[in-house]
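Below is one structure, written out as structure tokens; comments come after it.
Throughout, protein chains are lettered first and strands after them, A, B, ... in sequence-line order, and every chain is numbered starting at 1.
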Amino acid sequence: MGIQLGPLLETRKIKVEELSGQRVAIDGFNVLYQFLTSIRQADGSLLTDPKGRVTSHLSGILFRFSKLVEKGLKLCIVFDGKPPALKKNLLEQRRRRKIKAQIEWEAAIEAGDTETARTKAQQTTRLESHMINESKKLLDLLGIPWVDAPSEGEAQVASLLNQGMVDYGASQDFDTVLFGASKFIRNLTLSGRRKLPKQQKWVEVSPEIIDLEMSFQKLELNREQLIDVAILMGTDFNPGIDGVGPKRGLKLIQEFGKAEGALEKLGKEIKNLDEIRSLFLEHPFVDFNPEWKTPNVESTLSYLCDDFSFNKVRVEKALEKYVDAKPRGRQFTLGDF
DNA sequence: CTCTGCAA
DNA sequence: TTGCAGAGG
């Protein structure tokens, strides 16, 4: 998912502590999808309450965000709105893949192959509207502001950055930079190790800041040109040209300046080229002024423990981190003066 | 994903 | 104290 822009961008590894006092807009669908993919049992089944309702997303919000808030980060969550028409093909493709994975998951369970079962289960991950509503309710109780984007959440994140409402955007998807997010964080987490799929290997993962200005300087490209590189490689809105990855895409745009020249050279065509460009350059957004509030401890306990059967001791412990949040570092922006 | 309990 | 396996809901 997303675009493989990683090799082209300058990144700087950081410690979460460096973000203390900073306002961070998180791509909500991206992070919920992560929780629903990874917060699972060994055979791939999701965590549920005794009534069978999924709780993985709520667990993820409570525990991960508690650590970030405790470190002094001010989180703001941005949810996707209506997807652009040009994304329909991709969404349909994903839907079909999930149905296939569902069948393969059941087969793996039948065969007693737990490893494969988990992998296939993860590929079936679907973010349902009730999960989004439950997540929003929990965020309200925790005092964490959220906003519905009119369309792509990543574009809304970029607009919050540009309007000075937040200091950083956070997502795993590199697309975020194409929408214009200049200060952008990947791997916003505290836990160090992550298991590689299909392997018994572990890798160290730490948060990293994507330095867009430095990337542009190094690549000798501007944002419009990076968008053209991405379009040649393929984005959420177009399939891209066979055999063009980050390296070749970059070379082509460096040589021809924009996609048209490169396409002519290759003898290829990309439909809706200008429309795709404008999806990145002029994406709709809404004005939003995030307000951070203190958590409602009693109501959160009631929601998670009474409604969803979370363990009270564990929830109380996590909630202490929200209450004891210690923002350090810069708390005011230039705009406040 | 993060948390917890237990072994080294 | 650290690392790991297994649980969490």
Under 3.5 Å, is there a donor-acceptor pair linking the side chains of A:W146 and A:D140? yes
Take the protein atom CZ of A:F63 and the nucleotide atom P of C:dG9, then report the distance between them rounded to whole Å. 7 Å
Please report, rounded to the nearest Å, how far the C1' atom of B:dT2 is from the NZ atom of A:K71. 14 Å
Centre-to-centre under 6.0 Å for A:H57 and A:F35, is that the case here? no
Dot-bracket for DNA chain B, please. Rules: Watson-Crick or G-U, both distances under 3.5 Å, ( ) within the strand, [ ] when a pair crosses earlier ones, | for another strand, . otherwise. ||||||||
Distance-only polar pair, side chains of A:Q34 and A:R64, donor-acceptor under 3.5 Å: yes
For a quick check under 3.5 Å, do A:T176 and A:D173 share a side-chain donor-acceptor pair by atom type? no
Distance, rounded to the nearest Å, where A:E204 contributes CD and C:dT2 contributes P: 14 Å
I'd like to know if A:E213 pairs up with A:R223 as an ion pair, taking the criterion as any Lys NZ or Arg NE/NH1/NH2 lying under 4.0 Å from an Asp or Glu carboxylate oxygen. no
Residues A:Q41 and A:S45: side-chain donor-acceptor under 3.5 angstrom: yes
Any ion pair linking A:R96 and A:E92 (charged N to carboxylate O, less than 4.0 Å)? yes
Rounded distance in Å - CZ (A:F308) to P (C:dG9): 13 Å
Residues touching DNA chain B, which here means a heavy atom under 4.0 Å, drawn from residues 38-60 of chain A: A:S38, A:I39
Can you find a heavy atom in the side chain of A:M165 that is under 4.5 Å from one in the side chain of A:N289? yes
Nucleotide C:dA7, atom C1' - distance to CZ of A:R118 in whole Å: 12 Å
Sugar-phosphate only, base, or nothing, as touched by A:T189 at under 4.0 Å among non-hydrogen atoms: sugar-phosphate
Do the side chains of A:D324 and A:E70 get nearer than 4.5 Å, heavy atoms only? no
We want to know whether A:E106 and A:Q102 form a side-chain donor-acceptor pair, criterion being a heavy-atom distance below 3.5 angstrom. yes
Are A:F184 and A:Y168 an aromatic pair by the rule of ring centers under 6.0 Å? no
Interface residues of residues 310-321 of chain A with DNA chain C (non-hydrogen, below 4.0 angstrom): A:F310, A:N311, A:R314
Provide, to the nearest angstrom, the distance between the CZ atom belonging to A:R64 and the C1' atom belonging to B:dT2. 9 Å
